[in-house]
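For reference, the structure discussed in these notes is given below.
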Amino acid sequence: IGQGGHIHCKGENVNLDEVRRIFFDAPRNMPVTVVIRKHPNAPLEIVNEVTEAAMEAGLRIEFNSEIPPVVPSITEP
């Protein structure tokens, strides 16, 4: 989760609805862990929304603060 609240998941920039879909589409026959990396200035409400979505989907959550996240900048024309 980037400084501006942008979410990068599975190699792509996604919005919160897409994250929820990805979480609920995760395989049920094997354990899945969501690793959340966030910029130190990432909006807390976005971090909480992503965390809650993973919990609602029944996925394990791990916070990783060892490697700073690299989230591509999104610029609008």
Side-chain angles (χ1 to χ4, degrees):
I1 303 172
Q3 180 175 356
H6 298 107
I7 303 168
H8 196 73
C9 179
K10 297 176 72 174
E12 298 181 16
N13 287 316
V14 295
N15 63 36
L16 194 53
D17 289 333
E18 291 168 320
V19 167
R20 283 190 179 99
R21 181 186 49 75
I22 291 166
F23 288 170
F24 279 93
D25 288 347
R28 299 288 177 214
N29 60 345
M30 66 175 87
V32 175
T33 301
V34 174
V35 178
I36 297 176
R37 283 191 205 116
K38 67 177 188 68
H39 186 280
N41 296 330
L44 185 58
E45 53 273 1
I46 300 295
V47 175
N48 289 342
E49 290 280 345
V50 171
T51 303
E52 288 175 15
M55 289 171 43
E56 290 170 5
L59 305 177
R60 291 183 292 158
I61 303 166
E62 177 181 314
F63 288 91
N64 182 325
S65 59
E66 295 175 14
I67 302 171
V70 177
V71 179
S73 176
I74 296 179
T75 57
E76 295 188 29

Is it possible for you to say whether Val35 and Val14 belong to one hydrophobic cluster, with membership spreading through side-chain heavy-atom contacts below 4.5 Å?
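As far as the 4.5 Å side-chain criterion goes, Val14 and Val35 are not connected within one cluster.
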Under 4.5 Å between side-chain heavy atoms, counting indirect links through other Ile/Leu/Val/Met/Phe/Trp/Tyr residues: same cluster for Phe23 and Met55 or not?
yes
For the atom pair [atom1] ([X]) and [atom2] ([Y]), what is the distance rounded to the nearest 0.5 Å?
X	Y	atom1	atom2	answer
Thr51	Ile36	OG1	CD1	3.5 Å
Lys38	Ile1	NZ	CD1	8.5 Å
Glu18	Asn13	CD	CG	9.5 Å
Glu45	Glu52	CD	CD	11.5 Å

If you take all heavy atoms of [X] and [Y], which pair is closest and at what distance?
X	Y	answer
Ala42	Gly2	CB-O, 3.4 Å
Arg37	Asn64	CG-O, 3.3 Å
Arg28	Ala57	NH1-O, 2.9 Å

Side-chain contact test, heavy atoms from C-beta onward, threshold under 4.5 Å: evaluate it for Phe24 versus Glu56 and give yes or no.
yes
Taking the side chain as every heavy atom from C-beta outward, state whether Leu16 and Ile7 have any pair of such atoms under 4.5 Å apart.
yes
Cys9 pairs by side-chain contact (heavy atoms from CB on, under 4.5 Å) with which of Asn15, Ile22, Val50?
Ile22
Contacts of type salt bridge (charged side-chain N to carboxylate O under 4.0 Å, His left out), residue Arg21, not counting sequence neighbours
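Testing Arg21 for salt bridge (charged side-chain N to carboxylate O under 4.0 Å, His left out), a comparison that skips the adjacent residues, returns Asp25.
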